[in-house]
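Predicted, not measured: the structure shown is a model, and the values here were computed from it.
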Amino acid sequence: METTAHFPVRDYDLAATLTSGQAFRWRPVGGAWVAVVHGRWVQLEQVAPDYIRATVNAPTADWSWLQSYLRLDANHQRMLATFPVDEPLRAAIAHCRGLRLLRQEPWECLASFILSSTKQIVQIQQCVELLCERFGDPIGQAGRAVPCPPQTASRPQQHNSVAYDAIHPALHYTFPAAARIAAATEGELRACKMGFRARYLMAAARMVAGGELNLARLGQIPLHAARAELMRCPGVGRKIADCVLLFSCGQDAAFPIDVWVERALQRLYFPKRRARRARLEHFAATHFGPHAGLAQQYLFHYLRTGGPDHPKNHAR
DNA sequence: ATCCAGGGTAATT
DNA sequence: AATTACCATGGA
């Protein structure tokens with residue numbers, strides 16, 4: 001049993017994947033990335049283009065939880081080969097070939113994206129972290145128990161992770177279970193800066209904790225059925241439902257359309273006249289193939305970090 | 001200061 | 001069947 005494991009990879013850009021707006025708890029620490037996954041503290045580092053090193057805080061024989069999370073069994077080349085050959089996708093893939101999808105824990109993913117509406121990614125990160133600090137369980141990097149978080153744990157230095165981990169290397173929190181959120185009050189949730197989303201999160205937590213909404217089933221039923229199931233939650237529309245299905249349920253045809261992707265589809269595929277949302281949804285469902293969700297992630301990442309619309313490229 | 005952010009909902013046109 | 005206001009909050 002080891003606390004370190006090495007995973008051979010090909011076309012896996014760890015940094016791009018962990019910062020592409022699908023997961024919100026990864027923080028840079030030196031050249032590595034730290035988060036809590038499946039209740040365990042874990043540090044990941046791309047030690048070479050074809051190797052990812054994982055370090056955990058307790059001797060571990062079974063790494064399947066991490067292999068699943070990183071989707072290490074996915075055949076990335078084959079997935080890219082299913083894409084239609086068009087210029088926007090070609091440019092997006094050329095910009096970052098190793099962008100991957102993760103398979104996160106469904107409840108964490110659902111809760112996080114309920115908090116995402118009309119928020120910037122940095123804001124979502126802060127909100128999620130605050131939620132974990134208030135309602136999650138403290139765990140230690142070194143595997144030792146963390147008896148009591150410091151009194152000011154609610155705002156540990158703005159989450160500047162590098163400095164923070166150097167000073168308090170052991171302080172991390174699990175993502176709170178649905179039952180824990182359901183047992184809180186809406187006021188306590190609002191104190192985590194989630195505003196009007198507190199009511200939505202509470203409702204979803206009760207549905208999940210009460211067994212009324214079975215997240216584990218969402219990956220095994222047709223996409224449209226899974227989507228409808230998630231949209232029973234107040235505050236969860238098609239976009240958030242598709243995010244949860246794509247980022248945590250392995251529904252690879254799910255295609256969340258946010259403001260960035262909508263602009264991309266509009267400008268790149270319907271430059272002449274304005275296409276309605278329903279038109280874009282139909283186009284996405286028919287044009288990009290069985291791995292449409294990955295294509296969506298490529299367009300999103302490209303537009304946000306280097307595409308023609310990016311500020312650094314002085315474009316409009 | 002004003003605008004906008006990985007939206008959703010209910011109220012108006 | 002389409003727009004519009006509103007929801008809290010913080011960063012740009």
Side-chain angles (χ1 to χ4, degrees), chain A residues 16-26 92 96 99-102 104 108-131 134 154-155 157-160 185-204 207 227-249 251 254-267 273-282 284 292-307 309-312 316:
Chain A
T17 298
L18 299 182
T19 61
S20 63
Q22 51 179 320
F24 302 104
R25 298 204 66 196
W26 291 99
C96 175
L99 183 64
R100 301 297 196 103
L101 290 171
L102 302 169
Q104 303 176 57
E108 175 174 341
C109 193
L110 173 59
S112 298
F113 277 95
I114 284 175
L115 300 181
S116 76
S117 69
T118 335
K119 268 180 179 292
Q120 298 181 127
I121 289 179
V122 179
Q123 250 180 300
I124 303 167
Q125 291 171 342
Q126 292 174 350
C127 190
V128 168
E129 208 52 40
L130 206 45
L131 186 71
R134 297 280 177 84
S154 56
R155 339 161 274 329
Q157 1 233 308
Q158 266 92 15
H159 308 97
N160 181 337
T185 67
E186 193 179 313
E188 289 176 309
L189 295 182
R190 279 185 178 263
C192 297
K193 303 179 187 287
M194 61 184 72
F196 61 86
R197 305 160 192 87
R199 190 171 61 84
Y200 298 150
L201 179 61
M202 178 63 75
M207 290 171 69
R227 190 181 277 144
E229 187 69 7
L230 275 173
M231 287 173 64
R232 292 197 298 120
C233 298
V236 177
R238 178 165 175 145
K239 189 271 173 183
I240 290 178
D242 276 11
C243 283
V244 175
L245 293 171
L246 180 62
F247 301 143
S248 74
C249 300
Q251 289 276 10
F255 194 98
I257 300 180
D258 74 318
V259 291
W260 288 86
V261 174
E262 177 164 23
R263 282 199 285 263
L265 294 178
Q266 179 70 57
R267 191 175 68 73
R273 60 175 167 282
R274 174 158 159 60
R276 296 202 312 271
R277 172 59 69 105
R279 179 68 217 260
L280 295 179
E281 288 171 349
H282 179 261
L294 183 61
Q296 173 277 157
Q297 197 64 8
Y298 266 97
L299 293 175
F300 178 78
H301 187 254
Y302 180 50
L303 264 289
R304 275 202 343 123
T305 64
D309 275 349
H310 195 271
K312 80 180 186 186
R316 35 182 67 254

Task: Residue pair A:Ala284 / A:Ala292: nearest heavy atoms and the distance that separates them - done: O-CB, 4.2 Å
Open item on the list: What is the distance, to the nearest angstrom, from the CD1 atom on A:Ile114 to the P atom on B:dA5?
Closed with: 21 Å
Task: Inter-nucleotide P distance (B:dA10, C:dA8), Å rounded - done: 14 Å
TODO: Under 4.0 Å between any heavy atoms, over every strand shown, what does A:Ser20 touch: base, sugar-phosphate, or nothing? Just pick one.
DONE: base
TODO: In whole angstrom, give me the gap between the C1' atoms of C:dG11 and B:dA1.
DONE: 14 Å
- [ ] Rounded to the nearest angstrom, tell me the gap between atom CG in A:Leu130 and atom P in C:dT9.
- [x] 12 Å
TODO: Measure from the side-chain N and O atoms of A:Gln22 to the backbone N and O of A:Leu102, and report whether any donor-acceptor pair falls under 3.5 Å.
DONE: yes
Task: Minimum-distance nucleotide (side-chain atoms of A:Arg274 versus C:dT3, C:dA2, B:dA5) - done: C:dT3
Task: For atom CG of A:Asp242 and atom C1' of B:dG6, their distance in whole Å - done: 12 Å
TODO: May I have the distance from A:Ile121 (atom CD1) to B:dA5 (atom C1'), rounded to whole angstrom?
DONE: 10 Å
TODO: In plain terms, say whether A:Arg277 and A:Glu262 are close enough for a salt bridge, that is, a side-chain N and a carboxylate O under 4.0 Å apart.
DONE: yes
Task: Which nucleotide in B:dG7, C:dA2, B:dG6 has an atom nearest any side-chain atom of A:Ile240 - done: B:dG7
- [ ] Using the P atom as the reference point in each nucleotide, state the distance between B:dC3 and C:dA5 in Å, no decimals.
- [x] 13 Å
TODO: Mind checking A:Phe24 for me? I need base, sugar-phosphate or nothing, with any heavy atom below 4.0 Å counting as a touch.
DONE: nothing
TODO: Could you list by number each residue of residues 190-198 of chain A showing a heavy-atom separation from DNA chain B of less than 4.0 Å, or answer none if no residue does?
DONE: A:Phe196
TODO: Starting at atom NZ of A:Lys239, determine the distance to atom C1' of B:dT9, rounded to an integer number of angstrom.
DONE: 16 Å
- [ ] Taking A:Ser20 for its side chain and A:His301 for its backbone only, find out whether a donor-acceptor pair lies under 3.5 Å.
- [x] no
Open item on the list: Output the rounded distance in Å from CZ (A:Arg227) to P (B:dG8).
Closed with: 12 Å
Open item on the list: Expressed as a whole number of angstroms, how long is the span from A:Ile124:CD1 to B:dA5:P?
Closed with: 12 Å
TODO: Take atom P in B:dG6 and the same atom in C:dA12, then report the distance between them in whole Å.
DONE: 11 Å
Open item on the list: What is the distance, to the nearest angstrom, from the CZ atom on A:Phe247 to the C1' atom on B:dG6?
Closed with: 8 Å
Open item on the list: Reading DNA chain B from 5' onward, which residue's closest nucleotide shows up sooner: A:Met231 or A:Pro256?
Closed with: A:Pro256
Task: OP1 or OP2 of C:dA2 under 4.0 Å from side-chain N/O of A:Arg279 - done: no
Open item on the list: Students often get this wrong, so: under 4.0 angstrom with heavy atoms, is A:Gly21 touching a base, only sugar-phosphate, or nothing?
Closed with: base
- [ ] Confirm from the modelled atom types if A:Gln297 and B:dG6 form a donor-acceptor pair under 3.5 Å, side chain to base only.
- [x] yes
Task: Exam field: side chain A:Arg25 to backbone A:Val128, donor-acceptor pair closer than 3.5 Å - done: no
Open item on the list: Using only atom types and a distance under 3.5 Å, with no angle test, would you say the side chain of A:Gln251 pairs donor to acceptor with the backbone of A:Gly293?
Closed with: no
Task: Check: A:Arg273 main-chain N/O paired with A:Gln266 side-chain donor or acceptor under 3.5 Å - done: yes
TODO: May I ask you to say what A:Phe300 touches in the nucleic acid, namely base, sugar-phosphate or nothing, with a heavy-atom cut-off under 4.0 Å?
DONE: base
Open item on the list: For the CZ atom on A:Arg279, are there more than 12 heavy atoms of other groups (residues, nucleotides or ligands in this structure) within a distance under 6.0 Å?
Closed with: no
Open item on the list: Would you say A:Arg238 places a side-chain N or O within less than 4.0 Å of OP1 or OP2 belonging to B:dG7?
Closed with: no
Task: Residue whose closest nucleotide on DNA chain C lies nearer the 5' end, A:Gln120 versus A:Ser117 - done: A:Ser117
